Asks: 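Structure below; questions to follow.
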Amino acid sequence: MKILVAVKRTIDAYVKVRVKSDNTGVDLSNAKMAMNPFCEIAVEEAVRLKEKGLATEIVAVTIGSDKAQEQLREAMALGADRSIYIQTSDELEPINIAKLLAAVVQKEQPALILLGKQAIDSDNNQVGQMLAALCDMPQATFASKVVLSTDKVVVSRDVDGGEQILSLQLPAVVTTDLRLNEPRFKKLPDIMKAKKKIIEVFTPELLGVVLKSHITTLSVADPPPRKAGIKVQNVAELVHKLKNEAKVIA
Amino acid sequence: MKALVIAEHDNHILKGATRALVTAALQIAEHVDVLVAGNKCLTVVTAASQIAGVSNVLVADHGNLQYPTSETLAALVLGIAADYIGILAAATTTGKNFLPRVAARLDVAQISEITAVITSDTFVRPIYAGNALATVKSTDSIKVMTVRTSAFIETPTGNTVAEIKNLAAVESSIHTMFISETMSESLRPELTAARIVISGGRGLGSAENFHLLDKVADKLGAAIGASRAAVDSGYAANDMQVGQTGKVVAPDLYIAVAISGAIQHLAGMKESKVIVAINKDAEAPIFQVADYGLVADLFIALPELEALL
Ligand SMILES: Cc1cc2nc3c(=O)[nH]c(=O)nc-3n(C[C@H](O)[C@H](O)[C@H](O)COP(=O)(O)OP(=O)(O)OC[C@H]3O[C@@H](n4cnc5c(N)ncnc54)[C@H](O)[C@@H]3O)c2cc1C
Ligand SMILES: Nc1ncnc2c1ncn2[C@@H]1O[C@H](COP(=O)(O)O)[C@@H](O)[C@H]1O
């Protein structure tokens, strides 16, 4: 069974984000970049499924500028067998990413497609669902447990208020939540081996995908700052302030 | 020019989020219809029909909508989408799950988690865990969007009653089988709707200690939230997580107990009106957003707080 894993290069989750002074976007020029944490979880899950003998091949795919190939090397160091790189310059909208991934699905015919639930830069939470719709496949988003068999996958999902379990007929799309697993660290020998693994390069044209623009970003601004607060000396003062100053408790 | 709002409900109660969606929708279009998709959801339909400014309530009341899959919900919405210039769902796990399928099938973008409507085609949405606010303009003929409902006031009940129209059933997807759903039972207010939220972090130290929050929450009528670390450590249930990847809350009062204030946590609570932080580390970043900071050991402060409330 073949698994396709989509990974995105994003700003490192712990870097302080700075908005550009001309308000055209976020300044990424010197920011540390990494694999989107939810994609790391997707790669880890694929590797575990292969280690259990349930999957035979893991293909990683990314869409972005040249540097994004670093994240494919990362995915291969973690256990992906080979990669597909789709070269684009722009920050693409989720609908366009989904169309490109759908073209890859068409070519590769994976039984299971794993994605992160959300990219931590754009916070869109869309691509997996859109891909499932375009490929007419069942989906399970926000997965906290994945049980794979030959023709179906049973997924526990984190939903508001509790947990839901779905059984999907393969091929299917699953997006990962934080609770699914704890990604391993890359080992040096595996990083070396990953350098020899194959990255196939495509462009949207080569895949026959026409990209359309749907959204224009007019500006990117800092959120309004909170006014500086105060330190209270003790619980009594806190309660007094909450009652009489903030008036949020009776 | 009509917009469609997808009602949030549990087949019995219409969630306040629906009223916030109506508020957003009325800023986009003159007329707003509400779709109630559920099973035996008459009380929800009645409540929806009374929201001020709603023209029609479209009802899909069928057995396969008790636990609808994303496929079924998307099919239902796609059946009526052509009538609307905007389709709005709450940014809950339900809305986030099915709405992108609708957008993809319509070949339009989805705009996620809008927090403001500037004009009928221009919206504000937080990106980078709320560290930046993007103003985006859509060129699509149908605007499909999820809404951060805490950012909009709730439209109250009005004097008129909307017309109720029944929709035909849609077939269930054959590829997805619903197995089960377990909802945590709680008598406390819902996290995203509560006026007061008290959240605990890793510093609580154990699931047992986490219950120290209960008594304070009882006195305040507060909902209880948690940081990711508290969830990961097994102190709190997953659906209690507040943050970039959990729930976004904006109560009148948010009390963070033993939470350091990582950006991912702040993303979920920094729009709260008043923030209180209780932390023994005076340098904890949470104090930078707190209106009232108390540097103290929670094991001393919480019992004191309980006694004084
Ligand atoms: C992709 C991604 C998504 C994430 N999403 C979320 C999210 O949605 N929500 C979220 O919360 N986190 C999220 N995180 C995790 C986040 O980065 C932090 O790790 C997490 O918020 C830390 O939780 P904490 O503050 O409880 O723990 P810590 O950072 O360990 O802080 C514990 C605090 O407790 C204090 N303390 C300890 N003992 C006491 C005591 N006795 N009395 C008083 N104070 C005490 C300490 O001083 C410390 O400040 C995410 C991370 C990633 C990478
Ligand atoms: N440029 C990209 N290349 C590959 N996968 C992507 C890309 N953008 C998003 N994805 C996948 O879609 C998931 C959700 O992203 P989003 O819907 O943008 O929040 C990510 O975790 C990735 O798995």
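By convention in this document, chain letters (A, B, ...) are assigned in the order of the sequence lines, proteins followed by strands, and residues within each chain are numbered from 1. The shown structure was predicted, so the numbers you read here are calculated from the model rather than taken from an experiment. Note: hydrogens, waters and symmetry copies are ignored here, and every other heavy atom, side chains too, is used.
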Asks: For Thr93(B), does its backbone N or O pair with a side-chain atom of Asp160(A) as donor and acceptor, under 3.5 Å?
Replies: yes
Asks: Mind ranking Glu93(A), Gln169(A), His214(A) by heavy-atom pairs under 4.5 Å with chain B and telling me who comes out on top?
Replies: His214(A)
Asks: For Glu304(B) and Asn234(A), run side-chain hydrogen bond (donor to acceptor under 3.5 Å, both in side chains): C-alpha distance rounded to whole Å, both residues' side-chain angles, the deciding distance at 0.1 Å, then the answer.
Replies: CA-CA 9 Å; Glu304(B) 271 181 39; Asn234(A) 51 47; over 6 Å; no
Asks: Please classify the contact between Val232(A) and chain B as side chain, backbone, both or neither, with a heavy-atom cut-off of under 4.5 Å.
Replies: both
Asks: For the pair Lys99(A) and Asp107(B), find out whether any cationic side-chain nitrogen is under 4.0 Å from an anionic carboxylate oxygen.
Replies: yes
Asks: Of the listed residues (Glu181(B), Gln241(B), Glu271(B), Glu71(B)), which shares the most heavy-atom pairs with chain A below a 4.5 Å separation?
Replies: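 When all of Glu181(B), Gln241(B), Glu271(B), Glu71(B) are compared, Glu181(B) has the most.
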Asks: Given 3.5 Å as the limit, does a donor-acceptor pair link the side chain of Arg195(B) with the main chain of Val248(A), or not?
Replies: yes
Asks: After noting the C-alpha distance and the side-chain angles of Asp123(A) and Arg125(B), does the key distance pass the salt bridge (Lys or Arg N to Asp or Glu O under 4.0 Å) rule?
Replies: CA-CA 10 Å; Asp123(A) 283 334; Arg125(B) 57 176 303 260; over 6 Å; no
Asks: May I ask you to decide whether Asp291(B) forms a salt bridge with Arg226(A), counting only side-chain N to carboxylate O separations under 4.0 Å?
Replies: yes
Asks: Let's test your reading of the structure: which of Ile179(B), Ile127(B), Ile278(B) forms the most heavy-atom pairs below 4.5 Å with chain A?
Replies: Ile179(B)
Asks: Under 4.5 Å heavy-atom distance to chain B, tell me which part of Leu170(A) shows up: side chain, backbone, both or neither.
Replies: neither
Asks: Between Pro100(B) and Gln129(A), which heavy-atom pair has the shortest distance, and what is it?
Replies: CB-CB, 3.5 Å
Asks: If you apply the rule side-chain hydrogen bond (donor to acceptor under 3.5 Å, both in side chains), what do you find for Tyr292(B) with Glu245(A), and how did you get there?
Replies: CA-CA 11 Å; Tyr292(B) 301 107; Glu245(A) 196 174 84; 2.5 Å; yes
Asks: Most heavy-atom pairs under 4.5 angstrom with chain A, which of Val136(B), Thr139(B), Leu133(B)?
Replies: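 Sorted descending by pairs with chain A, the first entry is Leu133(B).
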Asks: Name the residue from Ile255(B), Val276(B), Leu308(B) that meets the side-chain contact (heavy atoms from CB on, under 4.5 Å) definition with Leu238(A).
Replies: Val276(B)
Asks: With a 4.5 angstrom heavy-atom cut-off, could you sort out which part of Pro223(A) is near chain B: side chain, backbone, both or neither?
Replies: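 Both backbone and side chain.
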Asks: Out of Met240(B), Gln288(B), Gln244(B), Glu113(B), return the one with the most heavy atom pairs under 4.5 angstrom to chain A.
Replies: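 Of the options given, most contacts go to Gln244(B).
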Asks: Go through the atoms of Lys273(B) and report whether side chain, backbone, both or neither lie under 4.5 Å from a heavy atom of chain A.
Replies: backbone
Asks: Let's test your reading of the structure: which of Ile263(B), Val108(B), Leu220(B) forms the most heavy-atom pairs below 4.5 Å with chain A?
Replies: Val108(B)
